[in-house]
Amino acid sequence: MDKIDKILDSYATNNLFKDKSIVQANYVPEAILHRAEQVEAIASILAPALRGEKVSNLFLYGGTGSGKTLSVQHVGERLTEKMKQIGEDNLKFIYINCKLKKVADTEYRIIAQLIKSLKGNIPFTGLPLNAVYSKFMEMIDDKKQVIILVLDEIDQAVKKINDSFIYTLTRMNSELKNAQISLIGISNSLTFMENIDPRVKSSLGEEELLFPHYNALQLQDILRQRAENAFKEGVLDEGVIAKCAAYAARGYGDARRALDLLRVAGELAEREGAKKIELKHIDTANQKIEKDKMLDVIEGQSIQFQQVLYAIMNLEKKGRGSIFTGDVYNAYQEICNKTKNEILTQRRVGDIIAEFDMLGVINARVISKGRQGRTREIKLNLNSEIKEKAKEILEKALDLRV
DNA sequence: GTCAATTCACATGAAAGAGACCACGGTCTAGTG
DNA sequence: CTAGACCGTGGTCTCTTTCATGTGAATTGACGA
């Protein structure tokens, strides 16, 4: 009961945050630091839209947390604001994140989402694709207007669907009488443009813009800017910001990561009842973020995925050096027998292993063992603490007693 | 010893099926005037 | 006569299977020094 008291007390009396939302990733600050060049470039490319002219398609690329989305949204907001000032209403700025599961990760859903954001009504499923397309065209073509369509994480969409839908979108312009569509593609992958249809490439890439990684100093500026309003005065210990920035810069100059770090460190300090955020909180925050992310991923997987992972974990515990696809499949089959679940084909299990690799739960490398064939060499990518937790989660989910 | 052919154990791709979900339009049923 | 229930059809989406093809180096076996 003392513990509860302590927790409640620390919340009641000792709130370190002034406004936590500011250090959350989706907050859009009014000034974007160290991206002036890019923001100006975007603005000058999109500006003709104010006169109702079609603007060039634009392609933005750069690593995660390099400010792409933020910059575009910022310019978009300013643009629509300006539009209102002039008193016109022939510009629509639509932002869609193609990676959102169950929302906009298929061709149908992307278009449906478009219609929705135009206040249209469209069922989640059930209509033929071209019906959705024509509904969309109908909706926007009723008057002269410019539609600026931002497709975030467009590489994910193209990978899942194919690149023809971008082509369809760009070609719509020739069928529209009044409206004009312009695309802004945003991609995390630098190599995305290399392996897509050249027609798409040339139309989407009319203008290209690279967002470089932030370095540690720039990250510090960004963190300071946000921390000023997010935290109460004097709660940040000396060097906290510098350390957050350094951590994040060590990775990929990811600003989102840096902010998460700062926020979680704050939450931890608060929970602890500390009056200040100290350096040690950042270390724990770093571990916690890593751990939570992994466990979330593991917990969120379907039964079959969990069984495969459980098989890998068992094999790893037994030791004996490397784990190969064949071993995993055998162990997996045994587990299926125990849990009375259907056994998937090796083909499918191979894909599941590849997906775990993508998620970063395991490291899988394709190697050739000569006459012993080709296979994946699999290593678990979890530290012992996470492993323990993960095991618990899996055993619970699979209803296994060991 | 050297070299090309062979071979293994999967990887990787493409296509297609099953089953869930859903909209639409037509038909049936019950309730109303 | 009409509103709502109910059905069949046709569409998407996800997960999976089936079939086909690809692949990199250890191994093998022929060959020549």
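This is a predicted model, so every value here is computed, not measured. Below, chain A is the first sequence line, B the second, and so on; all start at residue 1. For the numbers below, each heavy atom of this structure counts, side chains included, while hydrogens, waters and symmetry mates do not.
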- Residue pairs involving residues 84-117 of chain A (criterion ring-ring contact (aromatic ring centres under 6.0 Å, His included); sequence neighbours excluded): none

- Message: ring-ring contact (aromatic ring centres under 6.0 Å, His included) for A:F59 and A:Y61? Distances and angles first, verdict last.
- Response: CA-CA 7 Å; A:F59 179 64; A:Y61 60 107; 5.6 Å; yes

- Message: For chain A and DNA chain C, what are the first and last nucleotides along the strand, 5' to 3', with at least one atom under 4.0 angstrom from a heavy atom of the protein chain?
- Response: C:dG10 to C:dT28

- Message: Rounded to whole Å, how long is the line connecting atom CD1 of A:I353 with atom P of B:dA11?
- Response: 7 Å

- Pair A:Y332-A:Q346, side-chain donor/acceptor within less than 3.5 Å: no

- Note on the structure: Here the distance between atom C1' of B:dT12 and atom CD of A:Q346, to the nearest Å, is 13 Å

- Query: Contacts to DNA chain C from residues 128-140 of chain A, heavy-atom cutoff under 4.0 Å, which residues?
  - Reply: A:P128, A:L129

- Task: Using a heavy-atom cut-off of under 4.0 Å over every strand shown, decide if A:I343 touches base, sugar-phosphate, or nothing.
- Result: sugar-phosphate

- A:Y247: partners by side-chain hydrogen bond (donor to acceptor under 3.5 Å, both in side chains), with sequence neighbours left out: A:D283

- Roughly how far, to the nearest 0.5 Å, is the CG atom of A:L91 from the CG atom of A:L79? 5.0 Å

- Output yes when at least one side-chain N/O atom of A:R376 is less than 4.0 Å from OP1 or OP2 of B:dT12, else no. yes

- Note on the structure: Residues pairing under side chain to side chain donor-acceptor pair (under 3.5 Å) where one sits in residues 356-378 of chain A, two or more places apart or in two chains, turn out to be A:S322-A:E377, A:T325-A:T375, A:R365-A:E377

- Task: Could you say whether A:R347 or A:G370 is positioned toward the 5' end of DNA chain B, judged by the nucleotide with the nearest heavy atom to each?
- Result: A:G370

- Message: Within the 3.5 Å criterion, strictly below it, is a donor on A:N383 or A:K291 matched to an acceptor on the partner's side chain?
- Response: no

- Query: Does anything in residues 345-397 of chain A pair up under ring-ring contact (aromatic ring centres under 6.0 Å, His included), and if so which pairs, sequence neighbours excluded?
  - Reply: A:F305-A:F356

- Message: Can you give me the closest heavy-atom contact between A:S187 and A:I154, atom names plus distance?
- Response: CB-CG2, 4.2 Å

- note: A:F324, atom CZ; B:dC10, atom P; distance rounded to Å ~ 9 Å

- How do A:R374 and A:K369 order along DNA chain C: which one's closest nucleotide is nearer the 5' end? A:R374

- Whole-Å distance between B:dC10 C1' and A:E377 CD? 14 Å

- Note on the structure: When rounded to whole Å, the CZ to C1' distance for the pair A:R365 and B:dC10 reads 15 Å

- Item | Separation of B:dC10 P from A:R348 CZ (nearest whole Å) | 18 Å

- In whole angstrom, what separates A:Y329's OH from B:dA11's C1'? 15 Å

- Message: Over all strands shown, is A:D105 touching base, sugar-phosphate only, or nothing at heavy-atom distances under 4.0 angstrom?
- Response: sugar-phosphate

